Amino acid sequence: MRDARGEVRRPIGLRLWLSGGWLTLLVLGALLAPWVAPKDPLMQDLFLGRMPPFWVAGTEPGYWLGTDSLGRDVLSRILYGTRLALIVALVAGTLTCLIGATLGLIAGYYRGWPDRIISRFVDIWMAFPPVLFAILLIAVLGPGLVSIIIAIVVIDWTRFARVVRAEAMSQGAMDYVASAQVAGRTRFGTMLTEILPNVLPTIVALLTLEMGIAVIVEAILSFVNLSISTDSPTWGGMIAEGRTSVHQAWWVLVFPLITLFLTVLSFSQLGEGLKDRFDPVLR
Amino acid sequence: MSGFLSIRNLTVRLKSGVTILRSVSLDVAQGQVHGLVGESGAGKSMIGKAVLGTLPRALQVTGGEIWLDGENLLALPHDTRRKRIGATAALIPQDPLTALNPSKRIGPQITRRLVDILAWTRSDAEARALELLGEVQIPDPARVMRSYPHELSGGMRQRILIASAFAAEPKLIIADEPTTALDVTVQKQILRLIADMQVRHGTSLLFVTHDLGVVSKVCDTLSVLYAGKVVEEARMHRFFMRPIHPYSRALLAATPTYLDPTGSLTPVPESVISAVEEEVRLHDVRFGT
Ligand SMILES: Nc1ncnc2c1ncn2[C@@H]1O[C@H](COP(=O)(O)OP(=O)(O)OP(=O)(O)O)[C@@H](O)[C@H]1O
Ligand SMILES: [Mg+2]
């Protein structure tokens with residue numbers, strides 16, 4: 001009568017381990033940057049310019065991943081850049097998620113005029129080309145951490161709204177929702193206690209994906225010099241600088257690029273892994 | 001007003017104007033089982049949903065009365081109506097797959113009704129839920145309470161839904177084809193279970209099905225619905241002995257009855273179908289729909 005699916009504790013899986021591990025490492029790196037960074041990320045030393053990473057002959061000890069053309073330590077700069085990347089990922093991702101998912105949930109569950117207004121708004125919003133929109137916004141708001149976050153939220157909330165709306169709509173048509181209402185639940189209560197838990201796995205997957213996207217957007221904006229105006233190191237900024245000297249010092253470009261790539265990949269894999277694990281139907 | 005549930009001239013339309021239920025009237029007497037038969041798409045589920053106030057958004061009640069325990073539900077303000085329905089009626093749904101919340105354990109889904117409706121304490125409700133699960137013959141109820149719906153078979157889920165429908169001792173239960181999604185052997189057990197529970201709890205039951213064989217086993221009275229219109233309302237014996245409406249007669253001929261299980265099956269003849277459709281059309285003309 002009862003099969004054994006519920007009995008098996010699924011192992012966490014390589015995907016969750018690897019992505020979770022990398023992100024944990026990043027968080028630790030960001031928090032502990034002042035203590036673990038081998039050098040001051042802003043300290044220039046023109047005599048030590050373009051030093052290769054540690055395994056290449058002729059390096060100065062202590063500069064593990066080499067130095068850039070101004071003699072700044074690449075590893076330390078990546079570590080400090082992590083702080084900014086993670087702040088943007090966390091704050092922008094969470095805000096985008098809160099706004100988009102709330103609107104999507106309301107539209108998908110209540111339908112009727114709230115849905116018409118929200119959906120129309122989403123349609124119009126999505127007609128703007130996103131990158132142009134971002135650059136325009138930053139140009140208006142002026143560069144800076146807050147502007148980047150606002151730009152990401154303003155552009156990406158529609159992704160959450162659309163997906164969550166569709167999901168809430170299909171859940172809302174199910175009999176268990178009707179039963180909850182027959183049992184005297186209010187519509188709002190039903191939305192929070194019946195619909196939301198079933199949409200949550202999707203929201204979590206979207207959220208982590210969004211964090212990855214936020215990291216990329218921040219990098220792109222730094223790349224085109226629209227990000228933080230101070231000289232605090234950012235991954236995008238490092239990539240932009242590294243690009244100019246890629247033939248003389250490839251490491252200045254490659255290490256931040258790898259870090260960026262692994263981070264974005266980890267965010268999306270973490271999301272998928274969590275969804276698989278916490279979706280009661282897939283589990 | 002006759003009947004614990006008494007539906008009078010209920011008309012339900014799509015917001016686009018199409019009529020789904022045409023001036024439907026039916027009665028479920030106190031402590032009795034009333035069958036509602038009709039082919040797929042006739043509007044059986046919509047009657048149940050109209051009573052429970054869970055019609056899909058595209059549909060609305062445009063006329064009629066629904067009397068439940070002496071009160072016209074449609075005349076009540078929205079919140080009062082919801083409370084009244086919650087305290088008086090419950091549903092055994094058609095599809096046990098979508099009728100339980102997939103992200104919640106079984107226990108809370110049963111106890112919730114007791115806590116919400118009867119304001120019981122959590123531990124009282126849990127004890128009662130265990131007892132109910134035993135009553136619907138679920139082995140190892142304590143473990144089932146901790147399970148998620150997807151961990152259980154269809155028959156188990158339907159038993160749980162029955163337990164959960166009877167939990168708060170509603171005076172009326174609407175069972176919407178409670179056995180259609182199950183295989184034949186399980187169907188019989190579930191049917192017997194519902195009938196037993198109904199007798200034991202003295203509940204009034206509106207039993208929706210498209211299976212006259214099932215009706216003949218559990219119901220006291222029945223209504224035959226065709227294309228959103230009640231074409232016959234009768235006591236069981238009279239209906240099976242002497243069906244009046246041609247569609248009812250044809251339906252009976254198309255059903256392997258308990259009186260003559262070996263008898264050959266006759267499909268509903270075209271002539272009867274077109275006659276009923278003509279009748280429905282005339283009705284629409286008369287009521288201007
Ligand atoms: N959400 C909806 N929007 C539009 N039409 C609907 C909707 N739900 C049901 N209908 C229509 O209402 C009519 C009655 O449907 P209902 O579900 O009551 O049939 P039923 O008699 O319960 O059939 P079944 O035996 O298949 O369950 C059908 O013709 C169907 O097309
Ligand atoms: Mg139905």
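Worth knowing before you read on, the calculation uses all heavy atoms, side chains too, and leaves out hydrogens, waters and symmetry mates. We name chains A, B, ... by the order of the sequence lines, and we start the count at 1 in each one. Computed from a predicted structure; not experimentally measured.
Your options are A:R185, A:Q181, A:R111, A:M174, and the one with the most heavy-atom pairs under 4.5 Å with chain B is A:R185. Counting heavy-atom pairs under 4.5 Å between each of A:T186, A:L200, A:I195, A:V177 and chain B puts A:T186 at the top. Counting heavy-atom pairs under 4.5 Å between each of B:Q109, B:K83, B:R84, B:R57 and chain A puts B:R57 at the top. If you tally non-hydrogen atom pairs under 4.5 Å between each of B:L91, B:D79, B:N101, B:D116 and chain A, the highest count goes to B:N101.
Contact of B:R112 with chain A is made through the side chain alone, with heavy-atom distances under 4.5 Å. Of the two parts of A:A173, neither the backbone nor the side chain holds a non-hydrogen atom closer than 4.5 Å to a non-hydrogen atom of chain B. Using a 4.5 Å cut-off between heavy atoms, B:A165 makes no contact with chain A at all. For B:T54, the part sitting under 4.5 Å from any heavy atom of chain A is the side chain, from C-beta outward, and nothing else.
Ion pairing between B:E71 and B:R81 fails under the 4.0 Å rule for side-chain N and carboxylate O. B:E151 has no carboxylate O lying under 4.0 Å from a charged side-chain N of B:R146, or vice versa, which leaves the two without a salt bridge. Checked for salt-bridge contact, A:R15 and A:E272 miss the test: no charged N lies under 4.0 Å from a carboxylate O.
Separating the NZ atom in B:K49 from the CD1 atom in B:I20 is a distance of 11.5 Å, to the nearest 0.5 Å.
B:F4 pairs in a side chain to side chain contact (heavy atoms under 4.5 Å, CB included) with only one of the listed residues (B:D27, B:L206, B:T203, B:L172), which is B:L172. If you run side chain to side chain contact (heavy atoms under 4.5 Å, CB included) between A:V182 and each of B:I117, B:I174, B:L52, only B:L52 comes through.
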